[in-house]
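As structure tokens, the structure follows; a few thoughts come after it.
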Amino acid sequence: MTKNVLKLTLKKKWFDLMMSGFKKIEFRTPSEWIYSRLMDENGNAKKYDLIEFKNGYAKNAPSFYCEFLGWDIEEHPTEYFFGSEKIITEVGTIKIFLGKVL
């Protein structure tokens with residue numbers, strides 16, 4: 001069975017936190033690019049089974065897979081803490097929810 005995979009690139013700090021299973025939400029600034037990955041031409045949510053995260057753009061960059069649990073749009077500015085790292089989201093920020101690291 002073929003799996004539908006959303007492919008995203010991360011900086012090392014976030015890559016490491018996600019690969020360890022510590023950070024379970026990926027935040028993206030709203031853009032045509034991210035919406036084209038998440039929605040079809042009719043505005044319906046695309047269905048994914050997995051997310052492949054790569055650390056950078058090199059051909060042999062480290063990567064890992066995790067379960068895709070859906071996405072949402074931030075409705076209120078919110079503070080999130082991942083250990084010593086803090087992220088403050090704005091209204092409209094895309095939140096992609098991660099399941100188990102595979």
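Along the sequence shown, residues carry numbers from 1. Since the model is a prediction, treat every value here as computed from it, not as a measurement. Side chains included, hydrogens not; waters and symmetry mates left out as well; all remaining heavy atoms used.
- Below 30°, between 30° and 60°, or above 60°: for Phe68 and Tyr48 the angle between ring planes is above 60°, a perpendicular geometry.
- The CG atom of Leu8 sits 9.5 Å away from atom CD of Glu52, with the distance rounded to the nearest 0.5 Å.
- Surrounding OH of Tyr57 are at most 12 heavy atoms belonging to other residues, nucleotides or ligands under 6.0 Å away.
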Might you work through the side chain to side chain contact (heavy atoms under 4.5 Å, CB included) test for Lys46 and Arg37, ending with a clear yes or no? CA-CA 8 Å; Lys46 290 183 178 179; Arg37 298 304 181 267; 5.6 Å; no
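- A salt bridge between Lys95 and Glu26 is absent, with no side-chain N of the basic residue lying under 4.0 Å from a carboxylate O of the acidic one.
- Remark: side-chain polar atoms of Ser36 are not paired, donor with acceptor, to backbone N or O of Ile34 under 3.5 angstrom.
- The side-chain heavy atoms of Val91 and Pro77, taken from C-beta on, include a pair separated by under 4.5 Å.
- Counting all heavy atoms, side chain and backbone alike, Glu67 lies closest to Lys100 at OE1-N, 2.8 Å.
- No side-chain heavy atom of Val5 sits under 4.5 Å from any side-chain heavy atom of Asp49.
- Considering only heavy atoms from C-beta on, Ile51 comes within 4.5 Å of Leu98 through its side chain.
- Between atom CG of residue Leu10 and atom CE of residue Met18 there is a gap of 5.0 Å, rounded to the nearest 0.5 Å.
- Using a 4.5 Å heavy-atom threshold, the side chains of Asn55 and Thr9 count as separate.
- Once rounded to the nearest 0.5 Å, the distance linking CD1 of Ile87 with OG1 of Thr93 reads 10.0 Å.
- Below 30°, between 30° and 60°, or above 60°: for Phe64 and Phe53 the angle between ring planes is between 30° and 60°, a tilted geometry.
- Shown here are the salt bridge (charged side-chain N to carboxylate O under 4.0 Å, His left out) partners of Glu90, two or more places apart in sequence or in another chain: there are none.
- Taken to the nearest 0.5 Å, the CD1 atom of Ile73 stands 8.5 Å off from the CD atom of Glu75.
- Transitive grouping of hydrophobic side chains (ILVMFWY, heavy atoms separated by less than 4.5 Å) keeps Leu102 and Met19 in distinct clusters.
- For the pair Lys23 (side chain) and Ile25 (backbone), a donor-acceptor distance under 3.5 Å is present.
- One distance of note links CZ of Arg28 with CD1 of Ile96; it measures 6.0 Å at 0.5 Å rounding.
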Item to complete: Before giving the answer on side chain to side chain contact (heavy atoms under 4.5 Å, CB included), spell out for Thr29 and Phe27 the whole-Å C-alpha distance, their side-chain angles and the decisive distance to 0.1 Å.
Response: CA-CA 7 Å; Thr29 301; Phe27 301 97; over 6 Å; no
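- Taking NZ of Lys54 as the start and NZ of Lys59 as the end, the distance is 9.5 Å to the nearest 0.5 Å.
- Between Thr89 and Glu74 the shortest heavy-atom distance is OG1-OE1, 2.9 Å.
- Partners of Glu79 under the salt bridge (charged side-chain N to carboxylate O under 4.0 Å, His left out) rule, at least two apart in sequence or in another chain, are Lys86.
- Judged by distance alone, the side chain of Asn42 and the main-chain N or O of Asn44 form no donor-acceptor pair under 3.5 Å.
- Nearest heavy atom pair, residue Cys66 against residue Val101, reads CB-CA, 3.9 Å.
- By the neighbour-count criterion of 12 heavy atoms within 6.0 Å, atom NZ of Lys7 is sparsely surrounded, having that number or fewer from other residues, nucleotides or ligands.
- Residues Pro30 and Ile94 come closest through the heavy atom pair CA-CG1, 4.2 Å.
- Between the Asn4 side chain and the Lys47 main chain, a donor and an acceptor come within less than 3.5 Å of each other.
- There is a path of hydrophobic side-chain contacts, each under 4.5 Å, that joins Phe97 to Phe82.
- In plain terms, the two heavy atoms of Ala45 and Trp71 that are nearest each other are CB-NE1, 4.1 Å.
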